Amino acid sequence: MNKIAVIGSLNIDLVAVTDISPKMGETVMGKEFNIFPGGKGSNQATAAARLGGSVNLFGTVGDDQHGNFLLDRLSINDVGISNIQKQSEASTGCAMIEICDAQNRIIVVPGANSKTDEGYLQGKINNLLEAEVILISMEIPMDAIEYIVKELAKYGKKIILNPAPAVPLSEEVITHCTYLLPNEHEAEIIFNGKYEEAEALKKHANKLLITKGEQGITYFTGQEIETVPAIKVNPVDSTGAGDTFAGAFSFAISQRKPLKECIQFAAIAAGLSVEKRGAQSGMPTAAEVQEYCSRVSSDD
Ligand code: RIB
C-alpha cells in the first residue's frame, strides 16, 4: 500500500454545546460537555487510516495524560505513532470548542505542538521519505512547514497542504505543493490579500481546491472552473469536516485515482463526518462511504 505521512498537531478538544453563543462579557448556560481527541494532524491521520490508508503521524504531545489519551486513540484507529515525540517542556495542545447550531468556534493553545519544529522534522526526514503522499496542516511552527515543503519537493513527493489556520504563504511554498486545500476564508489569507477567486483558480489549475462547506469544492480543471457538490446530510457538528476532507483526499490520491474522483470521494467522507459529535467520531470507514454510494444510486 502507498504510504501517507501526516505532519500536524495533536490536541485535546474540550467541547461545549450551546444553544446561545455568548457575546463578549456574557455568560450563557451550555447543554453538553465532552472531551474528544482532536488536532488537525491527528484528525487528518485518523480520517485517512479509517478509510484504509497506511498512515504515519508526525507531531508532538506532552508527557501527560492528554498525550497518552491521544496516542491510544490513534493506535485504536491504526495510525502509526512511532514517530510522534513526547516531550515534557510543554503540555499537550488543547482546543476550546463551542458548538452552536452544528457550527464551531475554536481557540487552540498549541502547547507541545510548537516543538514540531525544523529540528524535529530534520531528524525524521528518512521516515518521511518512505511515504508517497505527505499531508501537512498549520497548527505547528511555520518555519518547520517551509523547511519540510522545500525538502520533500526535492524528492518529487506529492505534498498536500491544508493551510489551516491560514497565514500568507510564500510563492515558493505554493509552487512546491502539489495540492492546496483552503476553505474560502483561508484562500483569501494565503494569497496575502491579492486574491480574486477565478484568477487564483486559473493560475493554479488542478492544484488549488477551495472547500466551501455545503456549496462543495471548486477547482480549475485546465478547461473550466468546476464545483464538485457536497452531499446532503443532517449536520450535528462540523468540527473536523475539513480534516476529514483532507485525510480522505490524501488517501484517494495515494490510491492514484483521477483528481475528480479523489475530490468526490473526499466530499462524501467529509459530509458523512458531520453527522456525529466530535472531530473524529463521525469519520467514515471505506465500507460506510461505499454504503452511502449504494444508497444514493438505488434512490436515483
Ligand atoms: O479542525 C478541527 C480541529 O481544529 C479540532 O480538533 C481542534 O483541535 C483544532 O485543531
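Owing to the predicted nature of the structure, the values given are computational and were not obtained by experimental measurement. First listed ligand is number 1; within each ligand, the first listed atom is number 1.
Below 3.5 Å of separation, one finds an N or O of Gly39 facing an N or O of ligand 1. Residue Thr239 has no N or O atom closer than 3.5 Å to an N or O atom of ligand 1.
Counting only heavy atoms from C-beta outward, the side chains of Ile4 and Phe251 approach each other to under 4.5 Å.
Using a 4.0 Å cut-off between a side-chain N of Lys or Arg and a carboxylate O of Asp or Glu, Glu146 and Lys150 do not qualify as a salt bridge.
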Name each donor-acceptor pair under 3.5 Å that joins a side chain in residues 24-52 to protein atoms two or more places apart or in another chain, with its distance.
unit_1 : atom_1 : unit_2 : atom_2 : d
Glu26  : OE1    : Lys23  : N      : 2.8
Lys31  : NZ     : Asp19  : OD1    : 2.9
Glu32  : OE2    : Asn34  : ND2    : 3.0
Glu32  : OE2    : Arg277 : NE     : 3.4
Ser42  : OG     : Gly38  : O      : 3.3
Ser42  : OG     : Gln280 : NE2    : 3.0
Asn43  : OD1    : Gln280 : NE2    : 2.8
Asn43  : ND2    : Gly39  : O      : 3.2
Asn43  : ND2    : Asp243 : OD2    : 2.9
Gln44  : NE2    : Asn162 : OD1    : 2.9
Gln44  : NE2    : Asp243 : OD1    : 3.1
Thr46  : OG1    : Ser42  : O      : 2.8
Arg50  : NE     : Asn77  : OD1    : 2.8
Arg50  : NH1    : Gln280 : O      : 2.9
Arg50  : NH1    : Met283 : O      : 2.7
Arg50  : NH2    : Asn77  : OD1    : 3.3
Arg50  : NH2    : Gln280 : O      : 3.4

Inset, instruction - Take Asn11 and Asn113, measure what side chain to side chain donor-acceptor pair (under 3.5 Å) needs, and give me the verdict at the end. - result: CA-CA 8 Å; Asn11 295 331; Asn113 293 303; 2.9 Å; yes
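If you check the side chains of Asp64 and Ser91, you find no donor sitting under 3.5 Å from an acceptor. Thr218 and Lys212 are linked by a side-chain donor-acceptor pair at a separation below 3.5 angstrom, with hydrogens and angles left out of the test.
Every atom of ligand 1 with a heavy atom of Ala95 under 4.0 Å away is listed here by number and element: 7 (C), 8 (O). If you number the atoms of ligand 1 from 1 as listed, the ones under 4.0 Å from a heavy atom of Gly38 come out as 6 (O), 8 (O).
Of all protein heavy atoms, the one lying nearest to atom 2 (C) of ligand 1 is Asp243 OD2, 3.3 Å. At the shortest separation from atom 4 (O) of ligand 1 among protein heavy atoms lies Lys40 NZ, 3.0 Å. Among all non-hydrogen protein atoms, the one lying nearest atom 9 (C) of ligand 1 is Glu139 OE2, 3.4 Å. For atom 3 (C) of ligand 1, the nearest non-hydrogen atom of the protein is Asn43 ND2, 3.6 Å.
Here the shortest heavy-atom distance to atom 8 (O) of ligand 1, taken over Leu14, Ile12, Asp13, belongs to Asp13.
With Leu10 as the fixed residue, the side chain to side chain contact (heavy atoms under 4.5 Å, CB included) test singles out one of Thr116, Leu74, Thr60: Leu74.
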